[in-house]
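Here is how names work: the chains are called A, B, and so on, in the same order as the sequence lines, proteins then strands, and each is numbered from 1. The analysis underlying the following values was restricted to heavy atoms, covering all of them including side chains, and did not include hydrogens, waters or symmetry mates.
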Amino acid sequence: MTFELQHNDPQSKARAGLITTDHGQIETPIFMPVGTVASVKAVHFHELREDIKAQIILGNTYHLYLRPGVEILEQAGGLHKFNGWDRPILTDSGGFQVFSLTANRKLNEEGATFRSHIDGSKHLFTPERAVEIQRSIGADIIMAFDECTPGDADYNYAKKSMGLTHRWLARGVKHFDATEPKYGYSQTFFPIVQGCVYPDLRRQSAEFVASQNRDGNAIGGLAVGEPTEKMYEMIEIVNEILPENKPRYLMGVGTPQNILEGIERGVDMFDCVMPTRNGRNGMLFTSQGIMNMRNEKWKNDFSPLDEFGTSYVDRVYTKAYLRHLFISKELLAMQIASIHNLAFYLWLVGEARKHIIAGDFSQWKRGMIEQLGRRL
RNA sequence: GGGCAGUUACCAAAGUGGCCAACUGGGGCUGACUGUAACUCAGCUGUCUUUCGACUUCGGAGGUUCGAAUCCUUCACUGCCCA
């Protein structure tokens, strides 16, 4: 994987770049739709490619390991062959599940023991195992196995947690460098900064991560319960330290506003379940603000879903129709909302890129932020 | 014509003398959701009130009782059975 830094915004830390992988290129800043279990929920890859214009999607090591399992993925020839997505894939390591499945896991120095949420069986994830599984999945970008520290952790917990993440990182790097890709194309490994909301920990973590000298770096442990302002502050601190000539990936973030704020602070890659999950739950993100499609006010609004939208669903379907589909619990509702939201997210980062290149990002961003927060 | 059962909030349906503005579903309304255990979760859903609380309700009318959705009388309507 290579990264070419193409433009720096004169007014901010925002930048435009180009990532090249064996499965194609990614123009940054980019949003990566989440496809946890080898599918971006409710969306066909055809739509993802042609309408949403996704350039890279996510998969999840923990979920894919449990189902369909490493053996099936290897038999298939890797995740790309298995699910038919021939563009880049990034896999999360399972570190987020250490956070989200707290009740079902135990941590120790060696790794994390999970109790499967599917059948209760026990499984040990170590930094080495996480690399191996991701080798089998065959993702273009694989993530270090970390502990995603909760946003409300106290200093002592955060410090210990960060130490564990760093020791796991060193092991992961070592194992990655000692192993080969399984399917003939190259893979790269991103380390993850932790440190919760504590500036000195974040600095220490960013320095340790940068010292690993990987192709790209990630910022984790944000948007997990801490105040938004803290998140922005941590991004600034960390990006001062992470190298400029490598992509920076802010994991799990976020709202459209979060993404623009992240871009302004020098982040290149984002992923989040919001456009898909919130979409399935009836919420639409648009350039004019957010809409709860279940609201009664859309009942007889026969205007297009989003007159400024770029997706075909924005023109073909009306607000009243989508509301009807949600109220009736029709599956099509979730498909339309997911397609719309993802197309909007990809439009948003695409516009950000254009404005960075044009040199008026900050001005454009200010106007967008104001619009995005409105409740329609 | 006779017998039996029933009538509770938007719908369905509990409650059968005080703890009942009334269980529970559904429907409706509103909100939440940030590296996906999520087509999920939470709140509200008689009226007025921010809360406390006040007021009006359980087919209609009348009655018994300190007190009735619950007991009695009667009327209306619905369902089933026998003629």
Side-chain angles (χ1 to χ4, degrees), chain A residues 31-43 56-64 66-67 89-105 114-120 130 134 139 141-151 165 190-194 218-228 231-232 249-259 261-262 267 269-285 290-299 323 325-338 341 345 375:
Chain A
F31 177 79
M32 308 181 280
V34 179
T36 306
V37 197
S39 126
V40 176
K41 294 185 196 298
V43 181
I56 171 173
I57 64 172
L58 255 68
N60 183 277
T61 305
Y62 167 82
H63 290 280
L64 293 172
L66 290 181
R67 271 197 312 221
I89 294 176
L90 179 152
T91 41
D92 182 35
S93 62
F96 184 73
Q97 281 63 43
V98 172
F99 162 78
S100 67
L101 302 177
T102 313
N104 287 354
R105 57 74 170 162
F114 289 101
R115 209 168 259 289
S116 159
H117 68 279
I118 298 166
D119 63 6
Q134 291 180 94
I141 300 173
I142 79 177
M143 300 304 300
F145 187 59
D146 64 339
E147 180 188 1
C148 179
T149 315
T165 288
F190 280 19
I192 305 169
V193 174
Q194 287 291 339
I219 309 168
L222 290 176
V224 284
E226 80 288 357
T228 307
M231 170 167 83
Y232 297 149
Y249 163 31
L250 177 57
M251 304 185 77
V253 175
T255 65
Q257 295 98 312
N258 291 160
I259 288 172
E261 297 293 350
V267 176
M269 304 164 73
F270 302 85
D271 79 280
C272 191
V273 305
M274 282 190 120
T276 42
R277 179 192 291 164
N278 290 26
R280 289 196 305 281
N281 291 332
M283 180 174 172
L284 253 55
F285 297 92
I290 59 174
M291 294 192 275
N292 181 344
M293 293 316 298
R294 292 194 319 268
N295 284 176
E296 197 164 29
K297 61 187 161 197
W298 309 120
K299 200 173 192 167
R323 170 182 146 86
L325 293 179
F326 269 113
I327 295 294
S328 307
K329 298 183 164 66
E330 280 294 314
L331 293 177
L332 184 58
M334 295 187 286
Q335 299 178 28
I336 292 171
S338 299
N341 280 345
Y345 266 64
R375 186 175 280 275

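Looking at residues two or more places apart in sequence or on another chain, you find a ring-ring contact (aromatic ring centres under 6.0 Å, His included) between F96(A) and F99(A). Remark: N278(A) engages M274(A), M283(A), F285(A) in a side-chain contact (heavy atoms from CB on, under 4.5 Å) (not counting sequence neighbours). When the ring-ring contact (aromatic ring centres under 6.0 Å, His included) test is applied to F270(A), no partner is found at least two apart in sequence or on another chain. Scored by the salt bridge (Lys or Arg N to Asp or Glu O under 4.0 Å) test, E261(A) finds R265(A), K365(A) as partners (sequence neighbours excluded). Partners of R280(A) according to the side-chain contact (heavy atoms from CB on, under 4.5 Å) rule, which considers only residues two or more places apart in sequence or in another chain, are K41(A), T276(A), R277(A), M334(A), S338(A). Partners of F190(A) by ring-ring contact (aromatic ring centres under 6.0 Å, His included), not counting sequence neighbours: none found. Applying the side-chain contact (heavy atoms from CB on, under 4.5 Å) criterion to E226(A), with sequence neighbours excluded, gives V197(A), L222(A), V224(A), K230(A), M231(A).
At a cut-off of 3.5 Å, with distance as the only test, no side-chain donor of T165(A) or Q194(A) sits close to an acceptor on the other residue.
Contacts of N258(A) with the nucleic acid, taken as non-hydrogen atoms under 4.0 Å apart, include base atoms. Residue contacts shown for R375(A) are limited to sugar-phosphate atoms, with no base heavy atom under 4.0 Å away. Residue I327(A) is in sugar-phosphate contact alone, with no base atom involved, counting any heavy-atom pair closer than 4.0 Å across all strands shown. Using a 4.0 Å heavy-atom criterion, one finds that E330(A) contacts no nucleic acid atom at all. Using a 4.0 Å heavy-atom distance criterion, N295(A) is classed as a sugar-phosphate-only contact. Counting any heavy atom pair closer than 4.0 Å across all strands shown, Q194(A) reaches a base atom. Within 4.0 Å (heavy atoms only), L58(A) reaches sugar-phosphate atoms of the nucleic acid but no base atom.
Rounded to the nearest Å, the gap between the P atom of rA22(B) and that of rC44(B) is 12 Å. Comparing rG17(B) with rC66(B), their C1' atoms are spaced 12 Å from each other, to the whole Å. A distance of about 14 Å separates the C1' atoms of rC75(B) and rU7(B), rounded to the whole Å. Remark: the separation of the P atoms in rU56(B) and rU30(B) is 32 Å, to the nearest Å. For the P atoms, the distance linking rC4(B) with rA12(B) amounts to 26 Å, nearest Å. Straight-line distance between the P atoms of rU51(B) and rU57(B): roughly 23 Å, to the nearest whole Å. With both ends at atom P, the span from rU70(B) to rU16(B) equals 12 Å, rounded to whole Å. Using P as the reference atom, rU8(B) and rC52(B) are 30 Å apart when rounded to the nearest Å.
rA5(B): Watson-Crick or G-U partner is rU78(B), with both key distances under 3.5 Å. For rU51(B), there is no paired nucleotide, since no Watson-Crick or G-U wobble pair has both relevant distances below 3.5 Å. Under the Watson-Crick or G-U wobble criterion, with both distances below 3.5 Å, rG25(B) is paired with rC11(B). Searching all strands for a Watson-Crick or G-U wobble partner of rC39(B) with both distances below 3.5 Å returns nothing.
Each of M231(A) and K329(A) has a nearest nucleotide on RNA chain B; the 5'-most of these lies closest to K329(A).
Taking every nucleotide of RNA chain B with any atom under 4.0 Å from a non-hydrogen atom of chain A, the first and last of them, 5' to 3', are rG27(B) to rU40(B).
Scanning residues 274-284 of chain A for heavy-atom distances under 4.0 Å to RNA chain B yields M274(A), T276(A), R277(A), N278(A), R280(A), N281(A), M283(A).
When the shell of 6.0 Å around NZ of K297(A) is examined, it contains more than 12 heavy atoms from other residues, nucleotides or ligands.
Contact of the V98(A) side chain with the F145(A) side chain is registered, since non-hydrogen atoms from C-beta on lie closer than 4.5 Å.
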